[in-house]
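What you are looking at is a predicted structure, and each value in this text was computed from that prediction instead of being measured. We use all heavy atoms of the structure for the numbers below, so side chains are in, but hydrogens, waters and symmetry mates are not. Each chain gets a letter, A, B and so on, in the order the sequences are listed, and its residues count up from 1.
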Amino acid sequence: MPELQPDDPIKTRSYANVILIAIFVLLLCVSWSFYQEFIGLRPWRSYQTRFAESYSAYLQKQVRDREAAEKAVESSADYQKLQAALQQAEAVADPQDKAIKQQSDLVDLQRAAILSAFQTDRSLVGSLIYDYEVVPNTAAYRSEKQSHLQAVLDAEAKEYSVDWPEGDGKTVTRTFNYNQLNDTFNQLLDQKAQLTAKQGDIDQPVKDAQAAMAKLISDKLPGLTADQLDGLLKSARDMDVTLVQINVNPPGTQINDIGGVGLTDRCQSCHVGMNPKFVPAALTITKADLGLPRSNDAPFTSHPDQDLLTWHPLDTFGCSPCHGGNGRALDTVELAHGRYEHWLWPLNYPENYQAGCQQCHSADAWTEHAPVLNEAKILFRDRGCIGCHNYAGFDSQGQQLQDTDREIASLEKEKVDDNQKIPILNKQGDQAPDNATAQRLYAEATNLTVTVSKLDARVEQLDQLSHSLQQEVKRVGPDLKEVRLKLHPEWIPYWLGHTWNFDPTAQMPQFRLEPDEVQAISAFIWQQGLKGPALDKQAPGDPARGKDLFNSLGCLACHSIGEGSQKIGGDIADNLSREGEKANYDYIVRWIHNPRVRSAPYDPYLHRDLTSEDYTKHGLPFVFDVDHSRSPVDGHELVVQQQTIMPDFRLSWQEARDIASFLMTQKDASSHYDPAPFVNDASLYEKGRTLVVHYGCAGCHEISGLEDASRVGTDLTQEGSKPIGRFDFALLYTKAQDGILPDGQPLKRGNEYSSWYDLKGFFDQKLADPAVFDEGQYKPDPMDRLKMPKPNVTQDQINALTSFLLGSTQSTLPPSYQYLPTDQRQAIQDGWWIVTKYNCIGCHQIDIGQRTILMDLPAYKGDNAINLPPVLTSEGARVNPEWLKSFLANPSLSATDTDRDGVRQYLKVRMPTFFLSDDEVRKLVLFFGALSSQQQPFIPEKLAPLSDQERSVARAIFTSPAAPCLKCHMTGNPAHDANATAPNFLLAGQRLRSAWTERWITEPATIIPGTAMPSGLFVRQGNRWVFNAPLPPEAKNYTGDEADLLVRYLMELTPQEQAMLSGRTPVAAKSGSSSVKK
Amino acid sequence: MFGDWHQLWVIISTPDNIPIVAMLGLVPFFTWYAFHNMLANDRLIAQLEADPQLARTHHRTTYPYNSRWERELHTNPFLMRKELLAAIIITIILMVWALTLNAPLEEPANASVTMNPAKAPWYFLGLQEMLEYFDPWIAGVIVPTLIIVGLMAIPFIDANPLGNGYYTYHQRRHAVWTFLIGFEGLWLVLVCIGTFIRGPGFMWYWPTQTWDPDRVEFNVNRNLDQIFGINGNWLVHILPASLRPEAVIIARALFGIIPMVVYGIAAALFIHWICMRTEYSRTVYRKMSILQTVTMYIFLITMLFVPVTIFLRLVFRIKYIWETPWFSI
Amino acid sequence: MADQKDANGRKTGVLEDLKEKSREFGEIVKTKTQEQLEELKKPQETQLYRSIFRIKHDEDPRNRALSTLNNLFFHIHPAKVNRDATRYGYTWGLGGITFYLFIVLVFTGVMLMFYYHPTKVQAFRDILYLENDVPFGRLLRNMHRWAAHLMVMAVWLHMFRVFMSGSYKRPREFNWCVGVLLMVLTLLLSFTGYLLPDDQLGFWAVTVGTNMARATPLLGHQGPFGPQLGMTPYNDVRFALLGGSIVDANALLRAYIWHCIAIPLIASVFMGVHFWRVRKDGGISGPSPVMLEAETKA
């Protein structure tokens, strides 16, 4: 710088250092951003490294253990024996093998020796023949053709000399012409093939022995072999640290991704254990396996239910569609799991995992592998949630009925109008000024009559529909019209105010009612009850016999009895421990005799209950039941049954009295009820009515005047999609955000303290106590308070219901992911709604692995399990659908003798009559057929008629002392049947399917494990079943399939034949299975 | 529900609120620094005013001066190096900010789910706050237009030749105060109110008061005419029959003109009084053309109207001063 | 080539000849390389350097000045500035910082545009994509967002400084007006960008913002005299802003075009004017020597 002024502070000041530092800091920032990009925002890298380490260690141990175990097996006596056998087989096979090898080697040498000559000759001859053939076969070319022919012949005659091996290294020189070469070559090929086949035969025993050894190891040590484990170890050690991503792009996808552009799911980048590439389905690992039991940040377990992954393959479903979370984000656990304010699909907590199932399986009443969800759906109906809340798919018959009634009413009105018009038109026609007008008016009148008849037809159709629907409409709570006939008035207010004091397991929720509200409601209900007709007076019964019947008939599949730890039975209906305190004996007798009987039919068209006068006015007897369901007044369908799912056990009056007497003894001696004179106070009526409407009592109960009341709660079908802002946390808003529970305790989810300002938090708290959201608010009028009552649910049940609600979303998954099958599985889906509705699963096992209520009762434990109702897992394959239809309509299978079970009279537990609608019967039959993958419609297999010889063989088998069929199976002889444990063969012809029957008599335990039916009656010989016991000499030379023979015999068994044979069978001893099982 | 420091922290740490939080520090600093420079210059001015001899020879800045030093320096490197430094520092700030704080991304847009509170970006919160006090056409259209036009008009109505290119308070007191009141006293304060004070329902929450989306505010706002009980009874007698049913409305519309005119006059007098305070300002005032004077009065009167209205609303709960069927103020 | 013999009588063949020549060639390469490496020590002397920077960079005042004047980017500055104008305390470089932030925003914005579709279907997804998939995508988006905020802050503070130092006064009145417009454009740029992620935050901010337009006098359907002039939700100024009566796909597209094309273009033009006028109006305003009351014309 030429003119530097040394004292100029600006010019002399150097910024080099400052700029240097700034650049250095900038470089630091850039490195920081690189760190973030490659490490900070990629935590999965370290996860994968850690996984590889711990998994390798785990596998190493596994390999060691496995090798040791295999060694142990190899040193076992069994294995040694097999090894000896192998050595023996080898000793036999080896010399033969050697000889054959020699021969085979020689053949190879010989073939090699002539190969070159053969190939040369063959191609030469081939080309000469071609030359010959292309010469035209005409006179002009005759000589030429002749010369070509000669050339072929010469070539064929030409001899080749070959060094022909003779074995042992010796050779001789042989000459071959063309044909000899050809023949020899083919011979050698044949020889070689024969030798190979022979060698295979010789080696077979060795191979068998080796297979037996391998099988022994795999039997003794199931799971992966040491080699397979070693392969896994290698792949774990060589694992590339890399992003694992599932991309799915089905049309219309919105899986956790906006705008229908598909799924990007990277969960397995951290959850390495879920990756089948590293952890195959045959291996399941837990954190404990990896030595990380307490580590929070080791997301390394494998999926606990591998079956789910076979139905929902990872490459089409990924993880986040079912579990929630942000499948694309991997920066932090919080982001990836979507557990932040602005992600709409957060990861579900473990207790709510099955919410994911509901997203696509909302059309199912029962989803396999989703027990929590199934429980929730049963609870949702059974705890009366559907009484107030609409939910698509759940019982909508009431709604349909109302629509039908409305349509009938409007059609009727149309009919009346038209009918009035007809005479007017006719009259106008009579007075018409000219012929043409008259004709037109008459034609109009005629047309109207046709219209009216069409309307009639439509009304008739609707009446039939409503007949079916009337049978299907069920309410959770009892009919309150009959309250005066059934209950003690002083019990009602006590029950309303102290529901769970009276019955700690009550289905009915506890309403928040002030004492004056209780009185008003009681008064309204009481005054609204039917006052007649009076019930028949019943004589007292025998409580002891009643108790027996109660415990054995199957009542406990729905009802429970006993309190606290003494309680047994199902939760689907009331606990009856204090029944005697509340109910009238006469009413209970009628109820038990047939719970569907009503005191008066209700006419939905007239909106009132009919009386006997209505019937007498029309000259009809006061009779109303399923077969007499039309109103005498207007001709439309009446409500003729109680809308309860409780079925008719077809008991005699005496049995009903006995059970009722037993129930009347069920009371708490210390209980005390204040008299309730106010129930007759007419001034409370209006207030009571207002309250009953307000709280939606008519959602669960039938109440006079409120039969058509609609549900008072919100529709919950898509509750899980509601934005959080739509849920009213009221004064708990800040507490929820801070994670403080209503009781002041901090909320812990899993291991972490958490906010509960989310849908799960709301549902959990609302179900635990709906009133908390009123807390601290000034609501002087009780009617202003939140009206949802407190449901009677345990914490597990709350989790189930919360899962159900969380999954109740307007699904973001594409329609193709929804489980809405159109094939046979649709019948299964439809059927489960009915099966769960009537609690069929309380008695019957239908889904494999499903527990019934009865199974868990002490009375059916152990050997007594044979007294359980039949297992229905293969019912569709077992029975003829036509028969099943008639059985479901009338399980006694008899028009007169109804106090019995049609099939298994030897069981105390009895199949009751459910009065199913035709539609329900049809659906159930299709359901069972579909469960067993049966073709529809059913066409019975044509069975060949038995010849006399066959019949005698069959008889011999049937009555064989080794398997005396009639010893256990019923015969119709009461003395014998008292100890029988299996159905009557006479039913077989119309009831059973022959294919199933054959499988049943040969391998019953594979169909129903633990059945009393003995296995091993037949053994497989070649391709036929042979009876597994000595037979009389005349039967010995039967060469057909003996199981098939027996089935054909059973299918055409006549009562006479059975009676004739029953004499030949020893009478059964009740011990049942054990004596037969051999 | 005061003392909720967590709530305050949530507001302050919301990523999009960081700029206004930063402004809370930056603006006072720049204000202080401007005044620091102003006062230094003012001292020099006072010294020079007192000593005309010195004024003739003095280099007239407060910066170090030596006659041997070049009066002008090369841009490269003396300015460039500082610009380079500034660019680097800004980049560093930006990178650190971007690496530590993520830009917000909320739920996908959904017209059926209303945000509560639904707030504009922080720099427009002043306007949104104004919506609380004025009808949308004033707050959303007239006010921003006036602000822009008013800002652009400043150099044309500021007839003061002094203070051109150097900091001085003494020589342009009125300009400085006007701008401070407008920019800091109104605009930034309103932005801060919108950011820190307004919670769910755009209701008033004091700092550390918990935001409660369920809060209900009992709030009665009246119009000025209601306070005066204007009912138009006397008008009925004057009006033609066809207009009689609207007598109340017309009466209110007519009444509203009175306080507006009264305010206008009072504000004008107040401004005039301020302008006449010192000899120098009187000189400047005299130099202004009529157009300049009128424009200045209009803008200043309008600007002052904003705090007056806010005051009336917040303290006296007065909604409209002048209500007509077509517009209300 | 015929065999030759050298002085010593040895035969010199082709091979020897080649050896000799390559040795000579090696010498030349060596010397040249050394020479050119020497030259590289003065990069300013290279042809490449000169072709780019046009001038020799000798340490003399002329070259200093030329280095500024001959550079497209630098020549918005004069060759020389008032010595006190280089002090940071006068301007804080706020105008320059604003311009730098604008450049940063253009750069990051262009990068973001590679990944962004202004459609209802894709917009939000693209942001997720940027945050989780694009290399440095999150950083890019964050920098764009925060630079936008910083630019608004810088613009305001710049205005504050300009006012406080009286720099809007003659002859800079017009440039002040341009500056005011640039500030408005900055706010509009930031505001239009707010909607683009298509999330709740932007959606509702824009809804609140554009709802004000309903009330525009004369032009809005809820504004004074608007209905009287036939304004409805389907033809008023808000409809024009949003391309519809609600904030939807068209609004997104319009915001995108305004944000990425229209306003940056307009702002660039104004910026050009702004910088040009700074030069033409006599460079930056100060720090000027103070004036005294006595020196004003009465």
[X] side chain to [Y] backbone, donor-acceptor under 3.5 Å:
{"X": "C/Q200", "Y": "B/V113", "value": "yes"}
{"X": "B/R60", "Y": "C/M291", "value": "no"}
{"X": "C/R138", "Y": "B/N102", "value": "no"}
{"X": "B/T75", "Y": "C/P78", "value": "yes"}
{"X": "B/Y167", "Y": "C/Y90", "value": "yes"}

[X] [atom1] to [Y] [atom2] distance, which is reported to the nearest 0.5 Å:
{"X": "B/K119", "Y": "C/L201", "atom1": "NZ", "atom2": "CG", "value": "11.0 Å"}
{"X": "B/L188", "Y": "C/W156", "atom1": "CG", "atom2": "CH2", "value": "6.0 Å"}
{"X": "C/L218", "Y": "B/W137", "atom1": "CG", "atom2": "CH2", "value": "10.0 Å"}

Given heavy-atom pairs under 4.5 angstrom as the criterion, report whether the side chain, backbone, both or neither of [X] touches chain C.
{"X": "B/P52", "answer": "neither"}
{"X": "B/R172", "answer": "side chain"}
{"X": "B/T114", "answer": "both"}
{"X": "B/I89", "answer": "neither"}
{"X": "B/E83", "answer": "side chain"}
{"X": "B/A34", "answer": "side chain"}
{"X": "B/A153", "answer": "neither"}
{"X": "B/T145", "answer": "neither"}

Within a strict 4.5 Å, meaning less than it, do heavy atoms of the [X] and [Y] side chains meet?
{"X": "B/L180", "Y": "C/M164", "value": "yes"}
{"X": "B/F124", "Y": "C/V208", "value": "no"}
{"X": "B/E279", "Y": "C/E293", "value": "no"}
{"X": "B/T62", "Y": "C/V290", "value": "no"}
{"X": "B/F30", "Y": "C/R161", "value": "no"}
{"X": "C/N142", "Y": "B/L101", "value": "no"}
{"X": "B/N110", "Y": "C/W204", "value": "no"}

Please check if the number of heavy atoms outside [X] that lie under 6.0 Å from its [atom1] is greater than 12.
{"X": "B/Y65", "atom1": "OH", "value": "yes"}
{"X": "B/Y33", "atom1": "OH", "value": "yes"}
{"X": "C/R170", "atom1": "CZ", "value": "no"}

Item to check | Max heavy-atom pair count under 4.5 Å with chain B, selected residue of C/F163, C/F174, C/W176 | outcome: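 Counting heavy-atom pairs under 4.5 Å, the top option is C/F163.
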
Checklist entry - Any side-chain donor paired with an acceptor under 3.5 Å for C/Y194 and B/D16? => result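 Judged by distance alone, the side chains do pair up.
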
Item to check | Portion of C/R87 that has a non-hydrogen atom of chain B nearer than 4.5 angstrom | outcome: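 It is both, since atoms from each part get that close.
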
Item to check | Partners meeting ring pair (Phe, Tyr, Trp, His ring centres under 6.0 Å) with B/F35 (sequence neighbours left out) | outcome: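 Once residues adjacent in sequence are excluded, the partners of B/F35 under the ring pair (Phe, Tyr, Trp, His ring centres under 6.0 Å) criterion are B/Y169.
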
Checklist entry - Who wins among B/I142, B/T91, B/I18, B/D135 for the most heavy-atom pairs under 4.5 Å with chain C? => result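 Highest number of pairs under 4.5 Å: B/T91.
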
